[in-house]
Amino acid sequence: MTAKTIISFENVTKRFGKVVAVDDVSLSICEGEFFALLGPSGCGKTTLLRMLAGFETPSEGRILIDGEDVSRTPPNKRPVNMVFQSYAVFPHMSVADNVGYGLMVDGVLPAERSRRVEEALALVKLEGYGGRKPDQMSGGQRQRVALARALVKRPRVLLLDEPLSALDAKLREQMRSELSQLQEKVGVTFLFVTHDQDEALAMASRCAVMNRGLLQQVATPSDLYEFPNSRFVADFIGSVNLFEGRFEVDEADHAVVRAPELSTPVYLDHGVTGGRDATVWVALRPEKIELHKRGDGQGAPALGDAPDGHNVVPGVIRHISYLGSESVYEVELDQGRRVRTLRTNLTRRDQEDFTWDEPVWLAWHACSPAVLLS
Amino acid sequence: MEENWKRAKAVFAAMAGPPVFWLAAFFLVPLGIIWAYSFGENSSLTEIAINGTFANYVHAIQPLYLGIIVKSFWFAALTTALCLVVGFPVAIAITFAPEKTKAWLLLLIMLPFWTNLLIRTYALMAVLRTEGYINFALAFLWNSLGHLTAAFGHPLAAFTPLELLHNNFAVVFGLVYVQLPFMVLPLYAALDRLDRSLLEASLDLGAGHFTTFRRVVIPLATPGIISGIIVTLIPSVGAYLTPDLLGGPESLMIANVIERQFKTANNWPFGSALSFLLMYMTFIAIAVQAMVARNRRGAAR
Ligand SMILES: Nc1ncnc2c1ncn2[C@@H]1O[C@H](COP(=O)(O)OP(=O)(O)OP(=O)(O)O)[C@@H](O)[C@H]1O
Ligand SMILES: [Mg+2]
């Protein structure tokens, strides 16, 4: 990306007593990005965000906004604004006063102020709600007030802490796309925190995955999903089957991994750097494994891109979850290992193709597995 | 469901019965008797004839007594204001103290309740009197300073102890000392309920600490401030022990006058009338305050 860097964390560590909430994080965020901080509960996402807003000071390292060190700058002097998880809408002020609060504090004159408040309310589709009190509004509307209140200050970066977690499922879906549209419209850099991977994949232009205070991987949503760099990321983003193994062949244009749990070796159409003599893990996404019939002595399917005797293993269907648009099959391999595969129900009769306890072949293409070194 | 509710009603009655009886027998009935006395006159040394006269009230609104009532309200208002000014920072400090320290600080605030008011007041006298600790400390400082200036050839005059006791200052000082916990506790309760993220939101939007305090903390703590004012003001108006022990001849408060009517002057009807006059005025003050508050809230909507 060639865009200008707006935020950088430089080796930032935050300790609360003995707890290391954020551990040596270095991260750059570019102008105009819709950036997601993703990770399980307690991994330090909120702490990182609060350090950027100025509510916590880093124990070590620096935080730069537009190239300027703000590590010790108080929150009211930073060009960032935050949408709190609880929204933190002032209950004793009308909606318009809430939205205008930051402008009033900055000494913006009343005429200009009310114009900008109206503008901000229109932006979040709350025209005409200015006179209401927050207790007369729904949770979703209060959140829009919080959004307008932060955006009206025209921040360099808008920080959102789990903005959708308090909304019900329908509204959450709707707000996802509204937030994305809003971001495109105002062009402000958004940095949002979530523990919901679907949310991050759907909205973000780039994601950082955190685990126990450490930054695990920073990538676009599709790279995170298709090219995870660790078992943690592969497992956290979506669902995955992991097989422990070792390299048998590792050339520039192909590689073979032998995994004891799989009866045939795994053939890859690319070489892997590193991990030559160490334990590696083969990651296979459920939707990338094909199901083929094995009853009546039907032979292994030909894959075309892998040599015979590779990437095809026999198994028996042990469990089927019908999810409407797709079905999840749990297949038990000869060695007793269970593998999840997923099949889209393309026609209305697709889910009848396979039944419980049916012998099947599992097969995958040479480009499907990812090899993880950690 | 209905059965349940009926049984609950019986339980409720059983629970409420004794306190209601207690309240009626030992508070409302005596109050009624005093109220009746206020419309009577002494018919002999020990008997009071209740004859519906308003003479006691006419007597009570003489400038002499009205002046003392006004002074009592003035003392109480000053006490309340000082408690608010001193108590707010204390309440804020407790609210934002670490969880462990908080419990200790609250205990410290409530510690005075464990000691009798009389003993506390005598202890205060030991602090304030001319040979008390404050004067002792001041004398020490003055004399040290005197040694210093004497070395440069300018000796200071001998230290004259400050008269801290038996005057209006001592009364207000004592009232503030007694009432401060009653102000701090409701303020603390209100501040502790305040959502911290509201304060952070205010800072985040560019407000400084003072603006945040004025625009967010005070409006949201208003219920606590009002109850703090009420529980400080009303007992202060009727304070008896503090002005009796710490006050001088010119710092009498209305409760001292009432006590004299009941005891030394043996004029119960007049004492009763004064008591009720004070009560009416307190009620009116609260009612006016409540009306103003409601109007303001109505206007804000
Ligand atoms: N003020 C604090 N004092 C002590 N420990 C804290 C404080 N704030 C956070 N922590 C600890 O730091 C770690 C990271 O917390 P943080 O709130 O950043 O997690 P998170 O990723 O936002 O989690 P969640 O998804 O549950 O909100 C946790 O172990 C937490 O207990
Ligand atoms: Mg959090």
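Per chain, numbering begins at 1; letters A, B, ... match sequence-line order. Side chains are part of it too, since the values below use all heavy atoms of this structure and drop only hydrogens, waters and symmetry mates.
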**OP:** Kindly determine whether A:Y101 and B:T211 satisfy side chain to side chain contact (heavy atoms under 4.5 Å, CB included), including the steps that lead there.
**Re:** CA-CA 11 Å; A:Y101 185 82; B:T211 311; 4.2 Å; yes
Original post:
In terms of heavy-atom proximity below 4.5 Å to chain A, should B:S202 be classed as side chain, backbone, both, or neither?
Top reply: both
**OP:** Can you measure from CG (A:N81) to CG (B:L205) and round to the nearest 0.5 angstrom?
**Re:** 5.5 Å
Original post:
Would the number of heavy atoms belonging to other residues, nucleotides or ligands and lying under 6.0 Å from CZ of A:R212 be above 12?
Top reply: no
**OP:** With a 4.5 angstrom heavy-atom cut-off, could you sort out which part of A:V89 is near chain B: side chain, backbone, both or neither?
**Re:** backbone
**OP:** Report the distance from atom CG of B:L198 to atom OH of A:Y87, rounding to the nearest 0.5 Å.
**Re:** 14.0 Å
**OP:** Please determine, among A:A150, A:G102, A:A88, the option with the most heavy-atom pairs under 4.5 Å with chain B.
**Re:** A:A88
Original post:
What pair of heavy atoms forms the shortest contact from B:A207 to A:N76, and how long is it?
Top reply: O-ND2, 3.2 Å
Subject >> B:F96 atom CZ, neighbour heavy-atom count above 12 within 6.0 Å >> reply: yes
**OP:** Please look at B:L220 and chain A and tell me whether the side chain, the backbone, both or neither of the residue comes under 4.5 angstrom of a heavy atom of that chain.
**Re:** side chain
Original post:
Under 6.0 Å from the CZ atom of B:R215, do we count more than 12 heavy atoms belonging to anything else shown?
Top reply: no
Subject >> chain B contact via A:R50 - which portion, at a heavy-atom distance below 4.5 Å >> reply: side chain
Original post:
B:E200 and A:M82: side chain to side chain contact (heavy atoms under 4.5 Å, CB included), yes or no, with the steps?
Top reply: CA-CA 9 Å; B:E200 292 187 342; A:M82 184 143 163; over 6 Å; no
Original post:
Side chain, backbone, both or neither: which part of B:R196 has an atom under 4.5 Å from a heavy atom of chain A?
Top reply: neither
Subject >> Most contacts with chain A, counted as non-hydrogen pairs under 4.5 angstrom, among B:T222, B:V216, B:D204 >> reply: B:D204
Original post:
So with a 6.0 Å cut-off around OH of B:Y280, is the heavy-atom count from everything else above 12?
Top reply: yes
**OP:** Looking only at non-hydrogen atoms, find the nearest pair between A:V105 and B:G206 and report the distance.
**Re:** CG1-O, 3.2 Å
**OP:** Give a yes or no on whether A:E68 atom CD has more than 12 heavy-atom contacts from other residues, nucleotides or ligands under 6.0 Å away.
**Re:** no
